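The model shown is predicted, which means the values in this text are computed figures rather than measured ones. To find a chain, count down the sequence lines: A is the first, B the second, and so on, and within it residues start at 1.
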Number of protein chains: 2
Amino acid sequence: MNRKTPVKRVRAKQRRLSADDRRSEFVTKATEFFAEEGFGGGTRALARKLGVTQPLLYRYFPSKDDLIKEVYRKVYLEPLEIGWEKLLSDRSRPLRARLQEFYEIYTDAIFNRKWLRIYLYSGLKGLDINRWYVGMVKDKILTRILRECRHDAGLATQSRPSAAELELAWVFHGGIFYYGVRKYIYEAPVLKDKAQMISDALDIFLAGFERMAESATDRRRAPVKVVG
Amino acid sequence: MNRKTPVKRVRAKQRRLSADDRRSEFVTKATEFFAEEGFGGGTRALARKLGVTQPLLYRYFPSKDDLIKEVYRKVYLEPLEIGWEKLLSDRSRPLRARLQEFYEIYTDAIFNRKWLRIYLYSGLKGLDINRWYVGMVKDKILTRILRECRHDAGLATQSRPSAAELELAWVFHGGIFYYGVRKYIYEAPVLKDKAQMISDALDIFLAGFERMAESATDRRRAPVKVVG
DNA sequence: ATCTGTGATGATCGCCCGATAAACTAGCCA
DNA sequence: TGGCTAGTTTATCGGGCGATCATCACAGAT
């Protein structure tokens, strides 16, 4: 911004940061704060963490709710910067390798205490942005994965995935997601090697999909149902 | 319970319930209340829901925290009344049928808005009872399932499950659990037929376990790892 | 009918919360 | 140097919170 200061740059300014920098710094720290304390955490405690006084927050954000909304925006948009669309759909590479790489990168982005906690808090509040995210996972990740699986199995890729297919993908996706919850929310011991967990989960998902595809090809029936 | 009342039982008492009944009624309603509002919900609003005044709560519970603890106890112990130990270990029935029935009953017990919300709230707070429950799922459910799987595959059942086996079971279990989260927390559309979801998930889990067991029998190697 | 113990309430305390207004202060330009 | 403006703090308000206490109301014993 308006940063001239031709000379005398010697002493860095200790406070008085530019408004934009200050704002984004506040949002970043507020994200960590609310991740730990929940959104019931007080503005005074937050200000203490920021090293400023509480009323100063209200110079940058009209209300606590507005600050919280910015926290959501930041957190929810973070993992979207990966650009997974191309990664998943790049048919010059084997499907399994694409899926393995995608889930390694995706979980690198969301498997941390901060992201998972804010995600769960907002999910419990039933916020629109949470519903939006879940819908996006369905449309941009699971549907895409299923289309690639169908292509790989030599099936038609036009039609939308069946409800049973989608559920299979959700259970697979949720199983991986729950690894992060166990590790960072429950703080329970998990298999150290995240990549191997993904690999094993992929094994059984792909095997399951093939099986479902076969039984759907042989005759037009619902997937195997062998309840005793 | 000094409940004599030899005659005159005609008119049921409209208020003035016995202390124990009142207490458990409070805990039940408080569970619903905190499930919706979170534990930040106020005692006044809770009392309004109960149809009494706020100070009355303090006649039955020394503090809000004590009431909350009773809510936890009630919620966490609820699904344990099933008696799954025998169900899972009854080798007179086929393994798959046992697992199918167990997960249908277990999810009947925990897949509701109340249970899942309280569980997630307490998980985010990092409460001991939550850690205890996660450990119990591991020891009493997953380890047992894996032992039965090993028995079914003709493997030794003495040794504790390997970390990779446990992770496989966790991903499977977590995938099913996440179905409930999607339905009752995110309120997202899910496959209507819960039993079929369980059946499909079981298919791929059992197939995955067999595969892992085979590769572990052939040579003592880690499960297939086919990253391209 | 009166007494007594307990279920239930009204009034209130001290505290912390989100938010506001006024006062102060540091950097910028004439 | 003397303002002007924007960043920051001090003081404070109204309100809701958890919790307490004195008081009221009612069922059962006498």
| said: For a 4.5 angstrom cut-off between non-hydrogen side-chain atoms, does Ile204(A) reach Phe209(B)? | reply: no
| query | Should the pair His173(A) and Trp170(A) be assigned to parallel (<30°), tilted (30 to 60°) or perpendicular (>60°) ring geometry? | reply | perpendicular
| said: Is the terminal nitrogen or CZ of Lys194(B) (NZ for Lys, CZ for Arg) located under 6.0 angstrom from the six-membered ring centre of Tyr179(B) and within 45° of that ring's axis? | reply: no
| task | Write down the distance between CD (Glu25(B)) and C1' (dG7(C)), rounded to a whole number of angstrom. | result | 14 Å
| request: Can you see which heavy atom on Thr31(B) is nearest to which on Ile118(B), and at what distance? | output: O-CD1, 3.7 Å
| request: Walk me through it: do Arg182(B) and Glu187(B) pass the test side chain to side chain contact (heavy atoms under 4.5 Å, CB included)? | output: CA-CA 6 Å; Arg182(B) 280 185 290 127; Glu187(B) 291 175 331; over 6 Å; no
| Rounded to whole angstrom units, what separation is found between the CG atom of Leu57(A) and the P atom of dG18(C)? | 10 Å
| remark: note: Phe26(A), atom CZ; dG7(D), atom C1'; distance rounded to Å ~ 10 Å
Measure all distances between protein nitrogen or oxygen atoms and nitrogen or oxygen atoms of nucleotides 17-21 of chain D, and list the pairs falling under 3.5 Å.
unit_1  : atom_1 : unit_2   : atom_2 : d
dG18(D) : OP1    : Lys64(B) : NZ     : 2.6
dG18(D) : OP2    : Thr43(B) : N      : 2.7
dG18(D) : OP2    : Thr43(B) : OG1    : 2.7
dG18(D) : N7     : Arg44(B) : NH2    : 2.4
dG18(D) : O6     : Arg44(B) : NH2    : 2.9
dA19(D) : OP2    : Tyr58(B) : OH     : 2.6
dA19(D) : OP2    : Lys64(B) : N      : 2.8
dA19(D) : N7     : Gln54(B) : NE2    : 2.9
dA19(D) : N6     : Gln54(B) : OE1    : 3.0

| request: Return the value, rounded to whole Å, for the distance between atom CG of Leu46(A) and atom P of dG18(C). | output: 9 Å
| query | OP1 or OP2 of dT9(C) less than 4.0 angstrom from a side-chain nitrogen or oxygen of Arg59(B), does that happen here? | reply | no
| message | dT8(D), OP1 or OP2 - any side-chain N/O from Tyr60(A) closer than 4.0 Å? | response | yes
| query | Donor-acceptor pair, Arg131(B) side chain versus Ala188(A) backbone, under 3.5 Å? | reply | no
| Quick one: Phe33(A) CZ to dC17(C) C1', roughly how many Å, whole number? | 12 Å
| request: Grab the CG-P distance between Asp21(B) and dT6(C) for me, whole Å please. | output: 17 Å
| Between dA8(C) atom C1' and Leu50(B) atom CG, what is the distance in whole Å? | 13 Å
| remark: note: Leu56(A), atom CG; dT10(D), atom C1'; distance rounded to Å ~ 13 Å
